[in-house]
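Some notes on the structure that comes next.
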Amino acid sequence: MKILKKRSRLFKKTDVQNTTDRNILISSAKIASESAIRTSKALGLTIKSIENGKLIETYADGSVVILRELTKVVSKKQNIRKGISICLK
């Protein structure tokens, strides 16, 4: 029983470590994207993004142009698992 308790504690510690790593990654990605958007606006560049299934181009002056509507592609293969190699020939 002692071994199982030690192992369960280790799993809990790694779960906590994974969540903190994930939170750090999410917050740093958010900061980086905000900085990139601010820099792009300052340089007068356009920003392309996807919102509500539409490809949108936002100009530095704030005007927005909808480039196209995106459709969701349904896979023909139903047995695709995580980590599988796919050949698209």
Side-chain angles (χ1 to χ4, degrees):
M1 289 297 278
K2 291 181 181 179
I3 294 173
L4 292 175
K5 286 183 180 179
K6 287 182 181 179
R7 284 187 179 176
S8 66
R9 287 182 190 153
L10 287 175
F11 286 127
K12 289 178 183 177
K13 286 181 182 178
T14 55
D15 288 343
V16 170
Q17 183 64 32
N18 287 341
T19 12
T20 31
D21 289 346
R22 182 175 293 154
N23 290 340
I24 291 170
L25 183 63
I26 289 169
S27 63
S28 59
K30 185 177 178 181
I31 291 169
S33 63
E34 288 173 352
S35 174
I37 290 170
R38 211 175 21 248
T39 304
S40 295
K41 284 182 180 180
L43 293 173
L45 302 174
T46 60
I47 300 168
K48 292 182 182 173
S49 61
I50 298 173
E51 290 181 17
N52 300 324
K54 298 176 184 175
L55 182 61
I56 296 175
E57 186 172 28
T58 308
Y59 291 95
D61 62 354
S63 59
V64 176
V65 175
I66 298 174
L67 298 176
R68 74 169 91 173
E69 301 240 354
L70 303 174
T71 57
K72 200 160 205 163
V73 177
V74 180
S75 174
K76 294 178 185 175
K77 304 229 180 209
Q78 299 298 325
N79 298 334
I80 297 177
R81 297 181 320 271
K82 183 178 179 181
I84 195 168
S85 297
I86 300 173
C87 181
L88 299 176
K89 288 185 181 179

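Residue indices begin at 1 and follow the sequence shown.
Other members of the cluster containing V73 do not exist, because no ILVMFWY side chain is joined to it at under 4.5 Å. By the 4.5 Å side-chain criterion applied to Ile, Leu, Val, Met, Phe, Trp and Tyr, L45 is assigned to a cluster that also includes L43.
Applying the side chain to side chain donor-acceptor pair (under 3.5 Å) test to residues at least two apart or on different chains, none of the pairs has a partner in residues 23-43.
With sequence neighbours excluded, the residues forming a side chain to side chain contact (heavy atoms under 4.5 Å, CB included) with E51 are S49, I56, listed by chain and number. For K48, the side chain to side chain contact (heavy atoms under 4.5 Å, CB included) partners two or more places apart in sequence, or in a different chain, are E57, L67. Under the side chain to side chain contact (heavy atoms under 4.5 Å, CB included) criterion, D61 pairs with Y59, S63, not counting sequence neighbours. The side chain to side chain contact (heavy atoms under 4.5 Å, CB included) check on R22 picks up I26, with sequence neighbours excluded.
The residue from T46, V64, I37 that alone fulfils the side-chain contact (heavy atoms from CB on, under 4.5 Å) condition with T58 is V64.
The two residues A60 and G44 have their closest heavy-atom pair at CB-CA, 3.6 Å.
Atom-to-atom distance recorded for I66:CD1 and L55:CG is 10.0 Å, nearest 0.5 angstrom.
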